Amino acid sequence: MSSEDTPPGGPPEQLALIRETVRRAKPRTWRGAHLAEELPVARVVVDKGLLHLDQFFDYAVPVAMAEEAQPGVRVRVRFGARVGAGGRREGGELHDGFIVARLATTDYAGPLAPLAQVLSPERVLTPALLKLSRTIADRYAGTLADVLQLAVPPRHAKAEAEPSPAAPPPPPAPGADSWQRYPQGPEFLAALTAGHAPRAVWTALPGPHWPREIATAVAATLAGGRGALVVLPDGRAVGRLDAALTELLGGPERHAVLTADLGPKERYRNWLAVSRGSVRAVIGTRAAVFAPVRELGLLVVWSDGDSSHSDPRAPHPHVREVALLRAAEESAAVLLGGLAMTVEGAQLLRTGWARPLAADRATVRATAARVRTVEEADQGRDEAAQAARLPTVAWQAAREALRSGPVLVQVPRRGYVPRLACGRCRTPARCEHCAGPLESLGADQALCCAWCGTVAADWHCEECGSFRLRAQVVGARRTAEELGKAFPGVPVRTSGRDAVLAGVSGEPALVISTPGAEPVAEGGGYAAALLLDGWALLSRPDLRSGEEALRLWLAAAALVRPAGEGGLVVIVAEPSARPVQALVRWDPAGHADLELAERAQLGFPPVSRMAAVSGSPSAVADLLGVTRLPEGADVLGPVPLPALRGQEQERALLRVRPGQGGALAAALKAAQIARVALRGAEPVKVRIDPLDIG
């Protein structure tokens with residue numbers, strides 16, 4: 001066993017002698033077992049995600065495994081074994097891995113350990129997927145093994161034993177359909193059918209049409225004889241697109257769905273159908289971006305600003321970046337779409353890498369609901385409005401809209417009263433044990449800490465001594481309770497983290513939802529939407545707070561009927577705030593352009609590349625001390641972070657100029673490997689291009 005880059009254990013003459021001896025030795029054996037006559041060496045990537053072991057290792061191929069041990073198959077190898085006297089293996093543990101190549105010779109000077117087992121003859125790791133995974137690992141300062149865990153689903157033997165159906169013929173080219181609402185829409189579809197690779201940043205119109213429009217783009221790509229891949233942020237969005245594709249293509253057999261909700265067997269069966277070429281259209285969540293679609297012609301990322309597109313597992317790749325890198329490698333078209341536009345999308349347009357795909361202002365005004373702003377200080381004058389904690393304008397809008405359909409109420413927090421403060425001096429109420437925020441889970445329940453769960457039955461303010469509390473943010477359950485009292489006889493439904501609704505009927509009802517969990521209303525959409533506590537989204541201490549607030553508001557407002565049909569959106573927030581004004585004008589592209597200009601002045605991503613390094617103060621200082629940063633790199637911080645399990649934490653931000661991102665990732669990876677050599681070195685979390693830059 002050896003590394004691909006391990007130097008030989010002697011001079012070149014000695015290495016040549018070893019190679020010649022291996023070639024002439026007949027039969028080749030390992031402890032009595034014959035080795036393969038042709039290409040007796042298997043180069044393996046071992047599923048052991050340690051930075052200092054991020055390399056290939058060579059193993060001998062027994063003759064019994066020679067036929068099945070092909071590049072791309074899963075194998076089991078003994079890792080860390082030492083070869084003692086007489087060729088005996090000593091120690092080592094069994095690990096899974098993938099064969100990446102079969103070779104005639106090895107650069108390793110000693111005897112090779114043999115493959116322990118070929119787990120399956122299925123070639124699941126294609127050369128294109130291996131190359132993409134290596135690129136992603138290098139970009140995010142991670143290991144190839146970690147990326148492969150994200151890219152290749154776990155094996156399911158029963159699913160693998162089932163044959164995949166034959167690939168259906170390409171469907172006919174679809175009509176432009178609702179793409180005609182966009183001036184460049186028919187041209188974009190024609191380019192996909194012709195086999196070209198257009199790149200577009202799509203600002204989708206409000207309303208229920210976007211699943212059908214994505215399905216049409218997929219059908220146009222399939223009609224041109226190529227494959228298509230669509231990545232969406234959650235299972236509800238996948239379900240809507242699944243229904244649209246099934247209707248447009250005449251059945252579910254022309255596309256595959258890849259989500260974690262399917263279960264391991266169904267997910268692996270669908271993945272194998274894609275890998276074997278039976279299906280050439282894939283839709284799914286985050287991990288689907290690695291799906292091995294043959295002759296990939298189109299990559300679609302819907303709502304790329306959604307945090308669900310950033311993988312929480314190391315090395316934390318973002319779907320948008322993986323899609324862009326893959327499109328460049330495979331010469332595929334790109335459609336980066338959403339109701340909102342990210343700063344990264346605006347950057348792609350500014351550099352000319354992509355072209356805008358948007359409707360004109362007249363079409364936007366005809367399809368969007370009317371938006372009205374209300375300040376937080378506008379307390380309700382009506383008794384019912386006061387009881388519902390609503391400004392009078394919002395309460396009246398809800399009352400009028402309930403005559404013709406359901407009303408959506410977006411609340412920024414789930415729970416009952418998730419954030420509390422002193423009723424006298426407004427000091428945030430915190431836990432005496434860990435300083436975490438106190439919250440109320442119900443009207444008849446004691447306060448408890450949101451971090452450690454400690455009950456604070458006898459809380460009092462340390463600043464002024466008051467025992468009185470007030471709500472900083474009221475949760476969805478409390479809002480539902482208050483609105484139920486203000487609108488007696490009206491059904492109240494909630495949708496949030498504990499129970500997310502896919503849809504509601506078009507009958508009058510109050511639908512209380514947290515951001516991102518809004519169900520679709522039948523019968524043309526909601527009659528009105530109330531966006532409460534806008535300040536809670538805008539005041540988040542994060543570089544993306546304005547962009548994220550606008551994205552969440554647009555997603556809710558897009559579910560409301562057009563202004564011509566009486567649709568109204570009331571937002572309770574500071575009217576002069578930039579995201580609020582962008583919502584009123586329905587101008588996400590303009591907001592993204594302004595945000596990009598500010599980022600350029602401040603030198604923040606995507607104009608620059610950045611990495612976040614977090615851990616204990618001593619560990620962060622140690623890593624920064626051994627990292628050889630690229631010339632001109634800036635170190636911002638370290639700054640304190642909330643304590644983790646009672647331990648002090650810090651974070652530093654490292655910033656480099658465009659074009660130096662690869663050098664920054666390589667430097668951090670090298671520093672991490674150097675620290676591994678020091679026994680007892682504390683771990684440090686490294687994240688490239690983090691979403692949460694406070």
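Fair warning: this is a prediction, and the values are worked out from it, not measured in the lab.
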Margin query: Test: side chain to side chain donor-acceptor pair (under 3.5 Å). Region: residues 659-673. Which pairs qualify, not counting sequence neighbours?
Written below: Asp54-Lys669

Please table the atom pairs, donor to acceptor, closer than 3.5 Å between any side-chain atom in residues 289-296 and protein atoms at least two apart or in another chain.
from: Arg294; atom 1: NE; to: Ser275; atom 2: O; distance (Å): 3.3
from: Arg294; atom 1: NH2; to: Ser275; atom 2: O; distance (Å): 3.0
from: Arg294; atom 1: NH2; to: Arg276; atom 2: O; distance (Å): 3.4
from: Glu295; atom 1: OE1; to: Arg280; atom 2: NH2; distance (Å): 3.4

Checklist line | Contact summary for Ser133 and Leu148, nearest pair of heavy atoms | finding: OG-CD2, 3.5 Å

Check: Tell me, which pairs form a salt bridge (charged side-chain N to carboxylate O under 4.0 Å, His left out) where one or both residues lie in residues 611-630, sequence neighbours left out?
Finding: Asp622-Arg675

Checklist line | All side-chain hydrogen bond (donor to acceptor under 3.5 Å, both in side chains) counterparts of Arg76, not counting sequence neighbours | finding: Asp96

Item checked: Charged tip of Arg655 within 45° of Phe604 ring normal and under 6.0 Å -> yes

Notebook entry, point to check: Roughly how far, to the nearest 0.5 Å, is CG of Leu554 from NE2 of His591?
Noted result: 9.5 Å

Notebook entry, point to check: With sequence neighbours excluded, what pairs up with Arg267 under the side-chain hydrogen bond (donor to acceptor under 3.5 Å, both in side chains) test?
Noted result: none

Next item on the list: Using distance alone, with no hydrogens and no angle criterion, decide if Arg687 and Ser310 have a side-chain donor and acceptor under 3.5 Å apart.
Entry: yes

Check: Rounded to the nearest 0.5 Å, how far does CG of Leu129 lie from OG1 of Thr126?
Finding: 4.5 Å

Next item on the list: List the atom of Val257, the atom of Leu262, and the distance in Å for their closest heavy-atom pair.
Entry: O-CD1, 3.0 Å

Next item on the list: Tell me, please, which residues at least two apart from Glu162 pass salt bridge (charged side-chain N to carboxylate O under 4.0 Å, His left out).
Entry: Lys265, Arg269

Next item on the list: First locate atom CD of Glu266, then atom CG of Leu258, and finally report the distance between them rounded to the nearest 0.5 Å.
Entry: 10.0 Å

Check: Taking all non-hydrogen atoms of both residues, which atom of Val238 and which atom of Thr285 are closest, and how far apart?
Finding: CG2-CG2, 4.0 Å

Checklist line | Shortest non-hydrogen contact between Ala228 and Val218, atoms and distance | finding: CB-CG1, 3.9 Å

Note to self: Applying salt bridge (charged side-chain N to carboxylate O under 4.0 Å, His left out), can you list everything that pairs with Lys131, at least two apart in sequence or on another chain?
What the structure shows: Glu329

Next item on the list: Give a yes-or-no answer on whether the side chains of Asp306 and Ser308 include a donor-acceptor pair shorter than 3.5 Å.
Entry: yes

Only pairs under 3.5 Å count here: list side-chain donor-acceptor contacts from residues 46-53, not counting sequence neighbours, and write none if there are none.
from: Asp47; atom 1: OD1; to: Gln149; atom 2: NE2; distance (Å): 2.9
from: Asp47; atom 1: OD2; to: Gln149; atom 2: NE2; distance (Å): 3.4

Next item on the list: Give, for atom CD1 of Ile136 and atom CD1 of Ile688, the distance between the pair rounded to the nearest 0.5 Å.
Entry: 12.5 Å

Item checked: Interatomic distance, Glu344 atom CD to Asp689 atom CG [nearest 0.5 angstrom] -> 8.5 Å

Check: Are the side chains of Val635 and Leu629 in touch, meaning some heavy atoms are under 4.5 Å apart?
Finding: yes

Checklist line | Side-chain donor-acceptor pair present, Asp304, Thr342, cut-off under 3.5 Å | finding: yes

Check: For Arg599, which residues count as a salt bridge (charged side-chain N to carboxylate O under 4.0 Å, His left out) partner, sequence neighbours excluded?
Finding: Glu547

Notebook entry, point to check: Got a sec, which residues hit side chain to side chain contact (heavy atoms under 4.5 Å, CB included) with Arg123, two or more places apart in sequence or on another chain?
Noted result: Gln70, Val73

Next item on the list: Could you give me the CA-CA distance, side-chain angles and deciding distance for Gln649 and Ser616, then say whether side-chain hydrogen bond (donor to acceptor under 3.5 Å, both in side chains) is met?
Entry: CA-CA 5 Å; Gln649 297 281 299; Ser616 68; 5.9 Å; no

Item checked: Flag side-chain contact, heavy atom, 4.5 Å: Pro315 against Thr143 -> no

Next item on the list: Could you tell me how the ring of Phe57 sits relative to the ring of Phe79: parallel (under 30°), tilted (30 to 60°) or perpendicular (over 60°)?
Entry: perpendicular

Item checked: Residue pairs involving residues 309-357 (criterion ring-ring contact (aromatic ring centres under 6.0 Å, His included); sequence neighbours excluded) -> none

Check: Which is it for Glu330 and Arg326 under the salt bridge (charged side-chain N to carboxylate O under 4.0 Å, His left out) test, yes or no, and what are the steps along the way?
Finding: CA-CA 6 Å; Glu330 303 186 39; Arg326 184 172 182 182; 2.8 Å; yes

Note to self: Can you pull out every salt bridge (charged side-chain N to carboxylate O under 4.0 Å, His left out) where at least one residue sits in residues 142-153? Sequence neighbours excluded, please.
What the structure shows: none

Next item on the list: Apply the test side-chain contact (heavy atoms from CB on, under 4.5 Å) to residues Val520 and Leu559: give CA-CA distance (whole Å), side-chain angles for both, the deciding distance (0.1 Å), then the verdict.
Entry: CA-CA 7 Å; Val520 178; Leu559 301 175; 4.3 Å; yes

Check: Between Pro312 and Arg286, is any pair of side-chain heavy atoms under 4.5 Å apart?
Finding: yes

Margin query: I want to check something: taking the side chain as every heavy atom from C-beta on, are Ile283 and Leu245 in contact at a cut-off of under 4.5 Å?
Written below: yes

Margin query: I'd like to check Leu654 versus Leu624 (side-chain heavy atoms, cut-off strictly below 4.5 Å). Are they in contact?
Written below: yes

Checklist line | Spacing of Glu518 atom CD and Thr514 atom OG1 [to the nearest 0.5 Å] | finding: 7.0 Å

